[in-house]
Peer 1: 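Have a look at this one before I ask anything.
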Amino acid sequence: MKKSPEIKSQMLSIFSQRSRVLSNQTPCLKTDQIYVTGESYAGKYIPATGYYILKKNLHLQESKRVNLQGVARLEMG
């Protein structure tokens, strides 16, 4: 299992790349809202990932920020 800091960094990279690719292809998607959700064991990573993205956004140019709108941990069952 990968360590939490590595996972958070990878998640930020995925969302950043997704935003860049989509906004280059379709400019109206540049403001796409991102919600990070998960269930079960993801509940350990979802809040930490959201917090990590928010912290990193503070140091990024506005055009490179991830438009994180919320996080949710679901409990099924």
Peer 1: Once you round to the nearest 0.5 Å, how far does CG of N57 lie from CD of E62?
Peer 2: 10.0 Å
Peer 1: Mind checking side chain to side chain donor-acceptor pair (under 3.5 Å) for Y35 and listing every partner two or more places apart, or none if nothing turns up?
Peer 2: Q33
Peer 1: Look up atom CZ in R65 and atom CG in L58, then write down how far apart they are to the nearest 0.5 Å.
Peer 2: 7.0 Å
Peer 1: Got T49 and V71 here, is their nearest side-chain heavy-atom distance under 4.5 Å?
Peer 2: no
Peer 1: Are Y51 and I34 linked, directly or through other ILVMFWY residues, by side chains that come within less than 4.5 angstrom of each other?
Peer 2: no
